[in-house]
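Below is one structure, written out as structure tokens; the observations come after it.
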Amino acid sequence: MAIEATETPTRRAYKGSCHCGLTQYIAYITLPPNPITADPTIATTTRIRKCNCSTCQKTSFFNIRLADSSKDFYLLSPITSTSSEGATGGIKTGEDGLKDYTCFEGDIHWYFCSRCGVRCFNITGQGGVSDVELEGKMVRAWTPKRGGVDEMGRYCQFSLNATSIEPGQEGFDMREWHEKGWIVYLDCLNEVEDDRFGRPCEGGMY
């Protein structure tokens, strides 16, 4: 069941980073989600998700699925000067960049900072570097590429870790997400429970 938001959804730019600051990004997030729904087939709105799979639990990953990741997420650092083929596609990797962890079928890339270990996002698919205008300035940034991944299912092309967004920004208060019931809990561990509001599925956390 989908619930229409009682407040007017507003799209704002939010800054985020890892703990040491090597990873820097801007994400455009529309809040409140509209509609507010546990239906994983609706992929045109911001989706706030807590998953009980072993990866999300072990890394404490708090998923935000952006309305359109190709237009809503911009990685500013660490990136390379040009794009390359594959999932990395211009993300600077290695000892002075991000490191990559994959599991299960190896489809999802769980990038983490090589210095502090914080994971800001994961991606299934590809991305690329280009010059874009952000907040009135031309900058070079990496963005996920659109297409190639089914955004209509429980899984998605790109997921942002909400805990990496800088606190204290206008319109951003994760307490509100719980208090107003915007968080959907997913059962990706056992895949027997329905996605729902209110209470985590078995093995999950609030």
Side-chain angles (χ1 to χ4, degrees), residues 1-40 42-53 55-77 110-113 116-123 134-137 139 141 143-144 151 154 156-188 195-201 204-206:
M1 181 180 67
I3 303 170
E4 294 297 319
T6 57
E7 305 167 51
T8 302
T10 303
R11 183 177 183 264
R12 290 189 175 99
Y14 293 103
K15 295 180 180 179
S17 69
C18 62
H19 190 263
C20 72
L22 176 64
T23 310
Q24 299 280 341
Y25 67 82
I26 291 177
Y28 287 85
I29 305 174
T30 301
L31 295 172
N34 192 33
I36 301 167
T37 176
D39 185 351
I42 296 180
T44 57
T45 185
T46 302
R47 290 146 289 156
I48 301 171
R49 305 287 190 249
K50 281 201 171 180
C51 171
N52 66 347
C53 80
T55 313
C56 286
Q57 290 301 299
K58 294 288 186 180
T59 61
S60 297
F61 201 96
F62 190 173
N63 296 273
I64 299 183
R65 313 284 171 77
L66 303 173
D68 185 346
S69 60
S70 67
K71 296 179 181 178
D72 291 337
F73 182 81
Y74 299 90
L75 179 67
L76 306 177
S77 172
W110 301 81
Y111 288 108
F112 61 97
C113 176
C116 67
V118 169
R119 288 175 167 84
C120 293
F121 63 93
N122 66 54
I123 182 172
L134 296 178
E135 304 302 292
K137 298 179 180 179
V139 299
T143 56
E151 289 280 3
R154 179 178 281 170
C156 69
Q157 173 171 311
F158 179 88
S159 193
L160 177 65
N161 188 358
T163 61
S164 67
I165 299 171
E166 305 295 350
Q169 299 180 78
E170 182 182 359
F172 180 77
D173 187 343
M174 288 191 289
R175 296 174 298 181
E176 180 182 40
W177 304 356
H178 174 74
E179 292 163 358
K180 294 188 176 180
W182 297 349
I183 301 171
V184 176
Y185 297 96
L186 307 180
D187 180 22
C188 294
D195 301 334
R196 64 192 183 208
F197 297 104
R199 187 171 187 266
C201 299
M205 62 182 176
Y206 282 101

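Keep in mind that the numbers below use all heavy atoms, side chains included, and drop hydrogens, waters and symmetry copies. For clarity, every value in this text was computed on a predicted model and none was experimentally measured.
- In terms of the side chain to side chain donor-acceptor pair (under 3.5 Å) criterion, residue partners of E166 (sequence neighbours excluded) are, by chain and number, S17.
- Aromatic rings from F73 and F158 are positioned such that their centres are separated by under 6.0 Å.
- Remark: Y28 pairs with no residue by the ring pair (Phe, Tyr, Trp, His ring centres under 6.0 Å) rule, at least two apart or across chains.
- Partners of E170 according to the side chain to side chain contact (heavy atoms under 4.5 Å, CB included) rule, which considers only residues two or more places apart in sequence or in another chain, are R12.
- Residues I48 and N63 form no side-chain contact, since every pair of their non-hydrogen atoms from C-beta on lies 4.5 Å or further apart.
- Put simply, the side chain of N52 gets close to the backbone of C188: a donor and an acceptor are under 3.5 Å apart.
- In this structure, the separation between SG on C201 and CG on D195 is 6.5 Å, given to the nearest 0.5 Å.
- Without hydrogens or angle criteria, Q57 side chain to C51 main chain gives a donor-acceptor distance under 3.5 Å.
- Between S159 and I64 there is no side-chain heavy-atom pair separated by less than 4.5 Å.
- Contacts of Y25 classified as side chain to side chain donor-acceptor pair (under 3.5 Å), with partners at least two apart in sequence or in another chain: S164.
- Remark: R175 pairs with D173 by the side chain to side chain donor-acceptor pair (under 3.5 Å) rule, at least two apart or across chains.
- Taking the side chain as every heavy atom from C-beta outward, V139 and I26 never approach each other to under 4.5 Å.
- Take S60 and apply the side chain to side chain donor-acceptor pair (under 3.5 Å) test, not counting sequence neighbours, and it matches no residue.
- By the 4.5 Å heavy-atom criterion applied to side chains, F197 and W182 are not counted as neighbours.
- The two residues Q169 and A13 come nearest to each other via the heavy atoms OE1-O, 4.2 Å.
- Taking 4.5 Å as the limit, every side-chain heavy atom of T23 sits out of range of all side-chain heavy atoms of L76.
- Ring geometry, Y111 versus F121: the interplanar angle falls from 30° to 60°, so the pair is classed tilted.
- When side chains are defined from C-beta on, D72 counts as touching R11, because their heavy atoms get closer than 4.5 Å.
- Nearest heavy-atom pair across Y206 and G198 is CE2-O, 3.4 Å.
- Under a 3.5 Å cut-off, the side chain of R47 and the backbone N or O of T45 do form a donor-acceptor pair.
- The closest side-chain heavy-atom distance from I29 to L160 is below 4.5 Å.
- Proximity of V184 to I36: side-chain heavy atoms (C-beta onward) are nowhere separated by under 4.5 Å.
- A donor-acceptor pair shorter than 3.5 Å cannot be found between the side chains of T59 and R119.
- K180 is linked by a salt bridge (charged side-chain N to carboxylate O under 4.0 Å, His left out) to E7, E176, counting only residues two or more places apart in sequence or in another chain.
- Salt-bridge annotation for R196 and D187: absent, with no side-chain N of the basic residue lying under 4.0 Å from a carboxylate O of the acidic one.
- Looking only at distances, no side-chain donor or acceptor of Q157 sits under 3.5 Å from a matching main-chain atom of I123.
- Under the rule for a ring pair (Phe, Tyr, Trp, His ring centres under 6.0 Å), the partners of Y14 that lie at least two apart in sequence or sit in another chain are F172.
- A donor-acceptor pair is defined here as one N or O able to donate and one able to accept, closer than 3.5 Å; such a pair exists between the side chain of T46 and the backbone of T30.
- Contact between L186 and R65 at its shortest, heavy atoms only, is CD1-NH2, 4.2 Å.
- Aromatic rings of W110 and F61 (six-membered ring for Trp) have centroids within the 6.0 Å cut-off, being under it.
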